[in-house]
Amino acid sequence: MARLVAVCRDGEEDYLFLARQIPLYIDDSLTMVMEFPDSILDFDSYQINSSQMKQFIEHHSMLKQQDLNMALMVMSREVFSALSQSVPCVGCRRSVEHLFSQLTDSGYFALEPLTVGSSGVLSVTRVCLTDPRKLYTLFYVHGSKLNNVIDSIPKSKKNKRCQLHSLDTHKPKPLGGSWMDVWELMSQECRDEVVLIDSTSLLETLETYLHKHRFCTDCKNKVLRAYNILVGDLDCSKEKGYCAALYEGLRCCPHERHIHVCCETDFIAHLLGRAEPEFAGGYERRERHAKTIDIAQEEVLTCLGIHLYERLHRIWQKLRAEEQTWQMLFYLGIDALRKSFEMAVERVQGISRLEQLCEELSEEERAKELKQEKKRQKRKNRRKNKCVIGLMGSSESVDSGCKTCGSGEESVSSVEVIITGESSSCTCSAASILHSPKTKKALLPHSNGSDCGYCSSMEGSETGSREGSDVACTEGMCNHDETGEYSCSHRCSEEKEEDAVDSCVECWANSEDNTKGKNKKKKRKNKASLCGSDTFVWVALIFFFLSVAFNEDASQIN
């Protein structure tokens, strides 16, 4: 905790402030020097992570001296922006801004190793700038305490103010350890200055006390005479009932109009003990009396204790508030400098933390996509292998000939015809099927030896030729294309000639699909043609019977 080390007697302008010292304004007549200990910035007493320290040294060496100087310079608006976002108390924010402007105007080294220039630029000292170890300890050891300092400040639920800047703080509270705490933090010079009581201020406290407790006129005069004896305006030897032992430890200076109080801790505790019932609520607002001069002296001592306690309480409040303000400004400055340094390092590296995170996420996405692509490729290869196996089996069945008709001819580049008159299907070549006796027998009952008008020959016993069946081509009954052979975009014929292997799996699949489609189409066409031929036969028979019946009727009439 900060200490009070000196008193600015001739004003703070003439006092030479050292490192981490700032003036502490108490009242119009008292200004003390507040000093923060060196232990708060002990760089060697903290354990440092060696790996993080090594990485920080690498980042520190990446920056040139000019870039490092620019990186460790922060403007006041950046500090105030971070202040408004992290500190909810309005009083704390105003105190921090006031202290920063005070350091800008005065040039005090109150935040060492941080410095505040005359233009409002926050930076670090040259010693800390060139030492990576000290800079790392400043950024990542001391800078990590910012959130803890802000969170440890008690705040009001109503207006978000802290206790030191709330209105209730200015009211005197019951005696406790606060006066002893601040008393222990004072140097001897400060203690002597605190117990130096101005007579005018003591008289104001005395009048307030007399009015509060409604002293009668005679008792009030007795108390005022006891006060005049203390300040040296009256001769104590002429007062009847005066007790000199009550004023022991007190010494007045009539010319300077102040009272010296013994600065021993026990004596101060005795005086404050007299004033304790006033703050604890022991004395009610009722009429009191002081019939004798010694009772009046005790009332004066009570007022002296009240005045001294209020002064110590004010000093304690100022000390705590200024210390809290200094800590917030110090750690906010460290945090702002750390962010500026990290941004400079990221600019040199050419990649920011956000970009690194995005890169990691994109790497994960690419890995997932690659895994899915491998799965898709495996499924595709599996389907291709199945197609190849099926095609190899079909080619073996084709090479072995037609099991239905018993022929051993190969059906290569030939038209496949499905005979509907039999119970089984045959996929032999068109020429062999048309010349076979089974085909002739199947066609004779329906077409009477003809191809239902699709044959170019006039005689029904001759089979239809490919060149003459123009109607069949237009109706889609034949199985040849314009070029007369199956076309492949992959140039499989060339590969087959070179490799002597059926390498194009896609073409095999396409050809198989095309063959199946053509077979289905031919089956539908054949069925349609057969149905058409049956209708024609029946119509012819009906006309025949009608003509026969007409001829018989005509003969009977004749």
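Along the sequence shown, residues carry numbers from 1. All of these numbers come straight from a predicted model, not from anything done at the bench. Side chains are part of it too, since the values below use all heavy atoms of this structure and drop only hydrogens, waters and symmetry mates.
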Of the non-hydrogen atoms in [X] and [Y], which two are nearest, and what is the gap between them?
{"X": "R161", "Y": "G91", "result": "NH1-N, 4.1 Å"}
{"X": "L122", "Y": "L337", "result": "O-CD2, 3.8 Å"}
{"X": "R311", "Y": "L196", "result": "NH1-O, 2.8 Å"}
{"X": "I153", "Y": "C162", "result": "CG2-CB, 3.5 Å"}
{"X": "E184", "Y": "R3", "result": "O-NH1, 3.7 Å"}
{"X": "C243", "Y": "D294", "result": "CB-CB, 4.5 Å"}

Just checking, is any N or O donor in the side chain of [X] or [Y] under 3.5 Å from an acceptor N or O on the other one?
{"X": "Q102", "Y": "Y108", "answer": "no"}
{"X": "Y25", "Y": "D28", "answer": "yes"}
{"X": "E278", "Y": "H213", "answer": "yes"}
{"X": "S95", "Y": "H165", "answer": "yes"}

[X] versus [Y]: any side-chain heavy-atom pair under 4.5 Å?
{"X": "M328", "Y": "C92", "value": "yes"}
{"X": "C8", "Y": "V33", "value": "yes"}
{"X": "H60", "Y": "L135", "value": "yes"}
{"X": "L4", "Y": "L24", "value": "yes"}
{"X": "L250", "Y": "F267", "value": "yes"}
{"X": "V223", "Y": "Y209", "value": "no"}
{"X": "L30", "Y": "I315", "value": "yes"}
{"X": "L103", "Y": "L329", "value": "yes"}

Inset, instruction - Please report the C-alpha distance between R257 and D233 in whole Å, then the side-chain angles of each, then the deciding distance to 0.1 Å, and finally whether the salt bridge (Lys or Arg N to Asp or Glu O under 4.0 Å) criterion is met. - result: CA-CA 10 Å; R257 303 297 297 176; D233 293 341; 3.3 Å; yes
Using the benzene-type ring in the case of Trp, are the ring centres of [X] and [Y] under 6.0 Å apart?
{"X": "F80", "Y": "F100", "result": "yes"}
{"X": "Y309", "Y": "W179", "result": "no"}
{"X": "F56", "Y": "F341", "result": "yes"}

Within the side chain of [X], is there an N or O that forms a donor-acceptor pair under 3.5 Å with the backbone of [Y]?
{"X": "S81", "Y": "R77", "answer": "no"}
{"X": "T130", "Y": "R126", "answer": "yes"}
{"X": "T205", "Y": "S201", "answer": "yes"}
{"X": "T302", "Y": "E298", "answer": "yes"}
{"X": "S86", "Y": "A82", "answer": "yes"}

Spacing of [X] atom [atom1] and [Y] atom [atom2] [to the nearest 0.5 Å]:
{"X": "L272", "Y": "M180", "atom1": "CG", "atom2": "CE", "value": "8.5 Å"}
{"X": "E207", "Y": "Y227", "atom1": "CD", "atom2": "OH", "value": "8.5 Å"}
{"X": "L332", "Y": "I150", "atom1": "CG", "atom2": "CD1", "value": "5.5 Å"}
{"X": "L271", "Y": "E276", "atom1": "CG", "atom2": "CD", "value": "13.0 Å"}
{"X": "E189", "Y": "M32", "atom1": "CD", "atom2": "CE", "value": "9.0 Å"}
{"X": "L99", "Y": "S106", "atom1": "CG", "atom2": "OG", "value": "8.5 Å"}

Quick check: are there more than 12 heavy atoms from other residues, nucleotides or ligands sitting under 6.0 Å from [atom1] of [X]?
{"X": "M343", "atom1": "CE", "value": "no"}
{"X": "M75", "atom1": "CE", "value": "yes"}
{"X": "E363", "atom1": "CD", "value": "yes"}
{"X": "Q66", "atom1": "CD", "value": "no"}

Inset, instruction - Name the orientation class of the two ring planes belonging to F330 and W326 (parallel below 30°, tilted from 30 to 60°, perpendicular beyond 60°). - result: parallel
Inset, instruction - Could you check Q21 against F36 for side-chain contact (heavy atoms from CB on, under 4.5 Å), going step by step and ending with a plain yes or no? - result: CA-CA 7 Å; Q21 288 185 352; F36 294 90; over 6 Å; no
Ion pair present between [X] and [Y], side-chain N to carboxylate O less than 4.0 angstrom?
{"X": "E299", "Y": "K222", "answer": "no"}
{"X": "R320", "Y": "D181", "answer": "no"}
{"X": "D335", "Y": "R338", "answer": "yes"}
{"X": "R366", "Y": "E369", "answer": "no"}

Inset, instruction - Any chance you could lay out the side-chain contact (heavy atoms from CB on, under 4.5 Å) test for Q297 and Y247, step after step, and finish with the verdict? - result: CA-CA 8 Å; Q297 286 180 266; Y247 284 167; 3.6 Å; yes
Inset, instruction - Would you sort out whether K339 and E342 count as a salt bridge (Lys or Arg N to Asp or Glu O under 4.0 Å), showing the intermediate values? - result: CA-CA 5 Å; K339 291 179 180 178; E342 291 177 353; over 6 Å; no
Legend entry - Working for side-chain contact (heavy atoms from CB on, under 4.5 Å), residues L312 and M186: CA-CA 11 Å; L312 288 172; M186 290 183 184; 4.0 Å; yes
Inset, instruction - Take Y140 and Q52 through the test side-chain contact (heavy atoms from CB on, under 4.5 Å) and record every step on the way to the result. - result: CA-CA 10 Å; Y140 298 101; Q52 295 180 359; 5.8 Å; no
